[in-house]
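What follows is a short report on a single structure.
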2 protein chains.
Amino acid sequence: MAVTIADIAKEAGVSISTVSRVINNTKPVSPELKERVYRIIEKNHFTPNALAQGLITKKTNIVGVIVPDISNAVFGALTKGINSVCSSKGYTIMVCESGGELEREMNLLNILEDRQIDGVLFAGVDVNQELVNAMQKKDYPVVLVTQECSVKENIIDTVTHDNVQALYDVVMFLHENGHERIAYLGGPEYDFSSGQKRLKGYKKALSELKISVPYSYIEQVQFSFQGGYEGMKRIYEENSILPTAVVTGSDLIAIGAVQFLNGQGIGVPEEISVIGFDDLDFATYFRPELSTVRIPYFEEGEIAAKELLKYMTGSKTKAATHYVPHKIIRRGTVKVLK
Amino acid sequence: MAVTIADIAKEAGVSISTVSRVINNTKPVSPELKERVYRIIEKNHFTPNALAQGLITKKTNIVGVIVPDISNAVFGALTKGINSVCSSKGYTIMVCESGGELEREMNLLNILEDRQIDGVLFAGVDVNQELVNAMQKKDYPVVLVTQECSVKENIIDTVTHDNVQALYDVVMFLHENGHERIAYLGGPEYDFSSGQKRLKGYKKALSELKISVPYSYIEQVQFSFQGGYEGMKRIYEENSILPTAVVTGSDLIAIGAVQFLNGQGIGVPEEISVIGFDDLDFATYFRPELSTVRIPYFEEGEIAAKELLKYMTGSKTKAATHYVPHKIIRRGTVKVLK
DNA sequence: TTGTATGCGTTATCAG
DNA sequence: CTGATAACGCATACAA
């Protein structure tokens with residue numbers, strides 16, 4: 001029963017085209033008519049039906065956002081950044097949760113297509129060939145956030161952080177602080193960017209430093225407190241010579257590890273140093289405060305959204321990978337050795 | 001250039017009405033035709049344009065979600081719960097961030113109306129008369145989550161937790177544990193449910209217990225670590241006789257308070273007990289583990305979404321306020337006195 | 001500068 | 001059971 005453009009036209013005694021023109025001021029309309037139409041519009045609180053507009057303009061001003069977990073702090077910050085730029089440009093976001101499952105990701109890609117959204121920001125876990133194929137078939141642009149494509153570079157535009165370099169830097173940082181026996185407690189193997197790539201950075205650094213560690217110094221667990229706790233437990237139980245430092249794949253993993261160590265009466269950082277990843281808020285609430293590498297997720301979301309907008313407006317066409325800078329934050333859980 | 005229902009009809013040699021019928025199986029279609037149409041649909045990967053469908057059916061299968069802060073853990077859990085039931089029922093959520101500002105809330109309500117969404121879940125800060133009026137004018141149903149209407153009860157359907165009772169219970173809990181000098185360090189006055197109501201519960205309990213406290217035992221701050229830290233500082237500085245326990249408006253406030261106290265060399269819970277609110281994940285990561293009152297936000301979101309769906313399907317019409325149960329969780333920051 | 005007519009992709013009404 | 005055809009609410013090419 002909402003008022004339509006036709007109602008306005010009739011009441012103002014003009015044609016619907018004229019009303020349409022004053023709404024979008026797409027073509028010149030005489031001041032008097034414009035004035036009259038505006039008044040009627042105000043009076044009736046008329047606003048155009050976005051569905052009808054979208055049907056004809058092929059533009060909905062909606063961008064889809066696909067994340068593995070809505071309630072995860074990392075994706076919360078990311079989504080906030082995305083929404084920040086989207087809403088300021090007149091776009092509304094449609095947030096979807098994939099659980100990190102390929103099937104649901106594919107399904108969401110289709111649902112968003114049916115809804116005629118203008119573009120999607122995709123935070124996946126492993127952007128494989130199947131996903132890439134699907135994305136390329138869609139008639140909306142997609143930019144990957146947080147996660148790179150695992151099959152080929154620069155096929156799909158990407159905004160993320162350099163996971164390899166970040167872990168490389170962390171290991172170097174620890175080494176500069178006198179650590180030699182450095183263990184790795186990171187995310188799962190199936191997670192391409194946050195699992196595999198970080199591990200790669202760790203290995204790369206050790207190799208350059210000509211440090212070799214036993215297999216039992218490397219644990220790949222879930223990105224959770226529990227994962228960190230249990231992974232640290234395994235490292236503890238399987239090594240007679242413990243590491244002096246542990247690099248982790250997330251702050252959650254890190255505090256899980258610290259908690260396990262403390263439970264064994266092992267002091268952090270007195271006996272073992274631990275360093276996180278992400279720099280979530282609670283990293284500073286924790287005691288001792290967690291040393292970590294900060295990833296600016298909010299900014300990453302902003303940049304990715306801006307990038308997507310460029311594609312949507314057609315001002316950009318060729319894909320590239322954009323890295324936002326990370327930064328090592330020294331706080332209380334890393335000790336200077338020697 | 002997407003394939004339309006007309007393309008399918010032509011290729012299958014039937015009318016578009018028939019195609020529409022097999023898609024929605026709204027009317028009987030002969031098995032052979034149905035089969036033929038299905039094949040063509042599969043072959044062309046046809047899926048109906050949701051915009052066109054919505055334009056005529058007046059149903060978009062989209063529900064709007066308005067929250068003050070997307071990256072806040074409380075709203076993260078809430079949104080996850082909402083999405084959980086929405087997505088399982090074929091709805092997609094459109095998440096909007098209001099910053100808790102009235103003007104943006106009003107604006108979002110309008111934007112969502114233009115988009116013809118089917119209903120909205122609203123998490124506000126103060127649902128006042130202006131907001132209520134606006135909501136009632138909309139042609140979609142809205143249910144309040146997390147926050148009650150501040151002007152009149154049962155005007156708008158609400159799913160929340162009993163903030164008055166929760167704080168009442170917390171004070172009683174502390175009293176049963178021997179505490180008499182109980183301070184309040186809660187959220188801001190302008191926040192109706194989480195600020196005012198919680199304070200009300202605190203006062204109600206003290207009054208029943210016939211305990212009177214100085215004004216300086218009551219601090220209303222932002223729902224943040226910083227707010228808690230500074231509020232605790234004021235309580236500390238303005239009282240020569242310190243409280244033995246502090247009830248707070250959120251876990252974040254609570255740990256901010258603990259952090260301040262620790263900085264002053266005051267042990268928690270040895271000298272002062274502190275109890276949080278919400279029960280976020282990090283409450284158990286913190287040391288000592290934070291005692292708190294658990295609010296099941298995820299479930300709250302689920303229930304609110306289900307409630308909204310009832311309205312959308314017309315199976316419910318009259319508003320009510322639904323409370324999800326809270327629960328006091330004893331952990332490390334509350335000491336048994338006497 | 002203004003109005004008319006057509007179409008966007010579906011569903012729904014009404015005949016057959 | 002099937003098929004024209006009229007909406008849905010708006011934008012736009014084409015006329016005037």
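Naming: A, B, ... by sequence-line order, numbering from 1 per chain. Since this is a predicted model, take the numbers as computed values, not measurements.
Within 4.0 Å of A:S30, counting heavy atoms only, lie sugar-phosphate atoms of the nucleic acid but no base atom. Within 4.0 Å of B:V14, counting heavy atoms only, lie sugar-phosphate atoms of the nucleic acid but no base atom. The residue A:I16 sits close to a base: some heavy atom pair falls under 4.0 Å.
Under 4.0 angstrom from either OP1 or OP2 of D:dG3 there lies at least one side-chain N or O belonging to B:T18. At least one side-chain nitrogen or oxygen of A:K58 sits closer than 4.0 Å to the OP1 or OP2 atom of C:dG9. For C:dT11, the OP1/OP2 oxygens have a side-chain nitrogen or oxygen of B:N24 closer than 4.0 Å. Close to D:dC10, at under 4.0 Å from its OP1 or OP2, lies no side-chain N or O of A:Q53. In this structure, B:K34 does not reach the D:dC1 phosphate: none of its side-chain N or O atoms is under 4.0 Å from OP1 or OP2. For C:dT4, the OP1/OP2 oxygens have no side-chain nitrogen or oxygen of A:S15 closer than 4.0 Å. OP1 and OP2 of C:dT11 both lie 4.0 Å or more from every side-chain N or O belonging to B:T26. Side-chain nitrogen and oxygen atoms of B:T57 include none within less than 4.0 Å of the OP1 or OP2 phosphate oxygen of C:dT10.
With respect to the salt-bridge test (charged N to carboxylate O, under 4.0 angstrom), the residues B:E11 and B:K43 qualify. One finds a salt bridge joining B:K310 and B:E307 here, because a Lys/Arg side-chain nitrogen approaches an Asp/Glu carboxylate oxygen to under 4.0 Å. Here B:R104 does not pair with B:E97 in a salt bridge; the nearest charged N to carboxylate O distance is not below 4.0 Å. A salt bridge links B:K197 with B:E148: at least one charged nitrogen is closer than 4.0 Å to a carboxylate oxygen.
Mapped onto DNA chain D by nearest heavy atom, A:T47 and B:G13 fall at different nucleotides, with B:G13 at the one closer to the 5' end.
Minimum atom distance to the side chain of B:R21 is reached by C:dT13, of the listed C:dT13, D:dA11, D:dA7. Taking only side-chain atoms of B:L55, from C-beta outward, the nucleotide of D:dC1, D:dC8, C:dT10 with the closest atom is D:dC8.
A donor and an acceptor atom sit less than 3.5 Å apart, one in the side chain of B:S17 and one in the base of D:dA4.
Atom-to-atom distance recorded for A:L121:CG and A:C96:SG is 11.5 Å, nearest 0.5 angstrom.
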